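In this text, all values refer to a predicted model and were calculated from it rather than measured experimentally. For reference, positions follow the sequence shown, starting with 1.
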Amino acid sequence: MLPPALDLTLLRFSTPSARIASGARTTSRCASTARHVRQTVLLPTPTPPKFGYNYGVTEPRRTETGINGRRPGAMEGASLAARTGQITRDAGAELAMRVKALGEIANAEESAALDSPGFTEEELMFFYEDILALPSSLEQSGQVTAEELEQRQIDEDLATVCAAEERTLADEPLASSSTQALSRPYQRLLSYTRDTILRIETMRETIKLSSNTEPSVVRNESVPVSILSTREFRSILRLSIRAGDADAADLTFDLMKRSGLAIPEDMVASLLRVYASTGNVSKTEQVLVRYLDGPPTPQQRHFHIKSHLISTPTEGIPYSALELLHSYENQALPAPIQTYTSVITALFSSNSSLGRAQAWDLFSHMRYVAHATPDPTLYTLMIRACASPVNMRPSEPERALDLWTEMTVDHRLAPTAGAYDAVILACARSGKTTYVNEAFRLAKQMLDSHRDARGESAFKPSRRTYCALLEGAKRIGDLSRARWILAQMIATQSGTDTEAVNEEVMMHVFHTYASYRPPFNRNLVKSADPTQADNAPTTSTEVSPDVSQSPPQPTSVVSNESESAFTHIPPQSGTEVIHEVRILFDRILYESGLKNLSDPTDGGALPAEQKFKHVKLSSRLVNSYIAVHYRHAPFDDSRDLYRRVFTECQVPRTGRTYVEALERCAIARRGHERTMVLDFADEVWAEWQKLEDAGHENGRLLSGRIIERAHIAMIRVLALTNNLDRAMQHLRAFAARYSPSDVRIPTPRPAMRSTRTVLIGDRPLVRMTSNVEVPDDHVPPLIMFNDIEVLHHRLVARRSVANIKYIAWLSKSYEGALRARRAAALKLRPGEEVEEEFTARVEAPSG
């Protein structure tokens, strides 16, 4: 490329009009123009090449008469005459040579730039590896593992103890004979040290009694005498703790104190860790009293509170740990943030709405009195708690996303893999398509936004990540995503069982199949032959009393097993859904050793390797498998599967098993199904009664909501099959066993749920949940009018006035008792006993 000025100049000299004389141009202007062009071309360049330019063109000599012997302003013939073209031709040739030279210079510079030394791909990769290196790779490079460090410490401690034993026991034959029964070196050394210190103390007492308390003797009595050094005692303590010998560790502290040695804080923390991990509160407090001179350090306070947490029964609220935590706060000695994390974790694990509410209150209280900014671990815990909120909602994705933004944007804390899994789970469990899509977007962000120079992601999707995504897919019936997730897990599965497909993954997959709505509905297809339309098998997932009454054909479920399964598109009918689910479950049974597949029906869709060997057969897995048949298979197929699958899988039936079977009978279609459901419902109900009676006898009652669902489903089955007398008997038996009067009695509130405003106390000062928002987990079973509306309609059709009145009274009694329970719970003070006025029984109307 040439400069624009040179291009225009060359164009000017190459046009014919430039060579035509103009009357308006004077001779002097022509000369100055030519000279200006030559000076412009002769400008110096950075690296001028050595070319032999011709400088033969000379400028015309200026004389007194003017240029070329002419006087200035003289005109020939009083008209404009054409000037000579010699100067123009010489300038044009000169300009052409200059342009050619500039072109050669540009080419030379371009080639020099291409030949200049640069960075190779290897050098750039080496440069960016350090800049974009992942934290995990930086920690692993050049460092030994924890196992190697622990082994080095063990070898060093053994060498220290053995050296001390050789030094002290080499010239002590009497002591060595008394320690021959001790097998470990640190035990022999402790025994010798104890005997030696005992002899020294005995000698001091003897001297004290026989010396008439001379001043010099009294001064020498206070001189400490140590057999072992602090370093040797520390090695003995580590060896005894590693061996689980708490008595030896306690003896080590006692000997150090008797020897006059100061006990370091790290040794006290090591012993507290042993007692706290076993929940030994008395030993923990004994160590704090005996071996501490000042207030406990943050680590020691952590182990003190941890001992109370471990001593709390499983699924119980740690009242003693909460009281101790607030006691330290009142002393201006707040516990470290990991202590709050442990207490909040215990509250969330209590399986109680009250415990979950108290956990949220403690989180806000901590930020007010102790730690304003939580760490990523605590943020992860609270975000995961949004997936199981205190209220009756399935999830709180808004609160989870707010905490996520606060952690990553406001405080600029680097998210962890656990934090990503937590926010994905909270969004997925909401059951709303918007938040489920947000969960998948966050999963993509987790994989794409943290990569090193080689493109490898800092986070890899774990089994917990896949399960969180499956939670969202099954709630919106997105079978395509669920099948893709299962395929990804099977394709990337390694030999270990930590990330393999397990029982939880397959349970979510079966739930997705159960909630999936196939696009093809055979009942909506119009047949050309009316006789064929009446005999068409029913695979509809809609539950309506107006569907066809013709019996379904069991063979329709397995009609196309010979065809290949698991195509790129999801199943298009209920038959295809059942076919895919049976292939997966048969493969699980085969790899578990409970079934032989001589003729596999998967069509080569599943890999030949054992990818389901880590799937453990359980009751919830079998329940999810049957749920698919309840939704997409005919009733008789579901009934036969219920009777045989638990025996084949060798797993017991649970309360949910019976409830789901009864609820399937309660939505039976008109016609053939309703003629079969009563016998099957009676069979299931007999087994359910055994489970319910066993819970009453053992004092471990089932959940009140599970009991409600079972009784409501059975009453509905009896009403649909026109067994109204049995339905009323069942309803009266339920009211006698679970009286409305029991619902009126509220549950006492603990003192920590007090709402009184105080600045100092043994409870959270700042709350995020009110008592109105906390649901009551101990409400007895009850039945409302909507639950028995079908029975009421059938009784109205029969005009059974007495039974109609009883149903109206019973439903209103439960409703009023529930309202009274709520009012009494709000008026009840924390720690106050229930008044007798709430225990009055409600009597049924006569007649």
Side-chain angles (χ1 to χ4, degrees), residues 309 312-323 325 340-366 378 381-400 403 422 425-426 429-431 471 655-656 695 700-709 738 742-756 762-764 766-782 784 814 817-834 838:
L309 287 176
T312 303
T314 306
E315 298 184 357
I317 297 179
Y319 292 104
S320 60
L322 290 171
E323 182 180 356
L325 179 66
Y340 285 94
T341 304
S342 301
V343 176
I344 292 174
T345 303
L347 289 172
F348 280 131
S349 303
S350 61
N351 195 19
S352 170
S353 299
L354 183 63
R356 292 195 294 270
Q358 190 69 17
W360 281 106
D361 293 342
L362 183 60
F363 175 70
S364 59
H365 170 81
M366 178 207 71
L378 186 53
L381 177 63
M382 303 312 295
I383 292 174
R384 183 174 294 276
C386 295
S388 301
V390 179
N391 50 28
M392 303 305 294
R393 298 172 57 186
S395 178
E396 291 182 335
E398 300 89 350
R399 176 182 284 185
L403 291 172
L425 179 63
R429 277 190 177 177
S430 65
E471 288 272 5
R656 183 175 293 274
R700 302 181 61 181
L701 299 178
L702 300 174
S703 173
R705 312 291 76 79
I706 292 292
I707 296 175
E708 288 176 7
R709 291 172 57 186
Y738 305 103
D742 299 337
V743 181
R744 298 174 59 90
I745 305 175
T747 303
R749 283 192 301 167
M752 65 179 183
R753 296 303 302 173
S754 175
T755 57
R756 183 181 178 184
D762 295 339
R763 59 182 177 83
V766 180
R767 294 190 180 277
M768 294 185 66
T769 57
S770 63
N771 293 328
V772 180
E773 299 174 349
V774 181
D776 192 349
D777 298 331
H778 305 284
V779 178
L782 52 88
M784 307 300 289
Y814 279 118
L818 191 61
R819 187 182 299 110
R821 180 189 182 95
R822 180 179 179 84
L826 294 177
K827 295 179 181 179
L828 195 65
R829 294 182 179 181
E832 184 180 0
E833 297 295 334
V834 181
F838 299 112

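- Minimum interatomic distance between Ser395 and Cys386 (heavy atoms only, all atoms of both residues): OG-O, 3.3 Å.
- Contact annotation: the side chain of Trp360 never approaches that of Leu347 to less than 4.5 Å [non-hydrogen atoms, C-beta and beyond].
- For the pair His365/Leu362, a side-chain contact is recorded, criterion being any heavy-atom separation below 4.5 Å from C-beta on.
- Between Ser703 atom OG and Arg709 atom CZ the span is 9.5 Å, to the nearest 0.5 Å.
- Taking each heavy atom of Ala359 and Met382 in turn, the nearest pair found is O-CE, 4.4 Å.
- The only option from Arg749, Arg705, Arg822, Arg821 that meets the salt bridge (charged side-chain N to carboxylate O under 4.0 Å, His left out) definition with Asp776 turns out to be Arg821.
- The CG atom of Leu702 lies 5.0 Å from the CD1 atom of Ile707; values are rounded to the nearest 0.5 Å.
- At a threshold of 4.5 Å between non-hydrogen side-chain atoms, the residues Ile317 and Gln358 do not count as touching.
- Annotation: Arg399, atom CZ; neighbour count of heavy atoms from other residues, nucleotides and ligands within 6.0 Å is above 12.
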ask   = Could you walk me through whether Leu425 and Ile383 pass the side chain to side chain contact (heavy atoms under 4.5 Å, CB included) check?
value = CA-CA 9 Å; Leu425 179 63; Ile383 292 174; over 6 Å; no
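- Atom OH of Tyr738 sits about 11.5 Å away from atom CG of Leu782, to the nearest 0.5 Å.
- Listed for the Ser364 side chain is a donor-acceptor partner under 3.5 Å among the backbone atoms of Asp361.
- Counting heavy atoms from C-beta outward, Ser388 and Arg429 have side chains that approach closer than 4.5 Å.
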request  = Show your reasoning for whether side chain to side chain contact (heavy atoms under 4.5 Å, CB included) applies to Thr312 and Tyr319.
outcome  = CA-CA 8 Å; Thr312 303; Tyr319 292 104; over 6 Å; no
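- Residues Leu378 and Phe363 form a side-chain contact, since some pair of their non-hydrogen atoms from C-beta on lies under 4.5 Å apart.
- Side chains of Arg356 and Ser350: no donor on one and acceptor on the other come within 3.5 Å.
- Between Ala426 and Pro397 the shortest heavy-atom distance is O-CB, 4.0 Å.
- Here the shortest heavy-atom pairing between Val772 and Leu826 reads CG2-CD2, 3.9 Å.
- The heavy-atom pair separating Arg744 from Ala820 by the smallest distance is NH1-CB, 3.9 Å.
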request  = Show the numbers, then the answer: is there a side chain to side chain contact (heavy atoms under 4.5 Å, CB included) between Asp777 and Asn351?
outcome  = CA-CA 10 Å; Asp777 298 331; Asn351 195 19; over 6 Å; no
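- Taking CD1 of Ile344 as the reference point, atom OG of Ser349 lies at 11.5 Å (rounded to 0.5 Å).
- Minimum interatomic distance between Pro781 and Glu708 (heavy atoms only, all atoms of both residues): CA-OE2, 3.6 Å.
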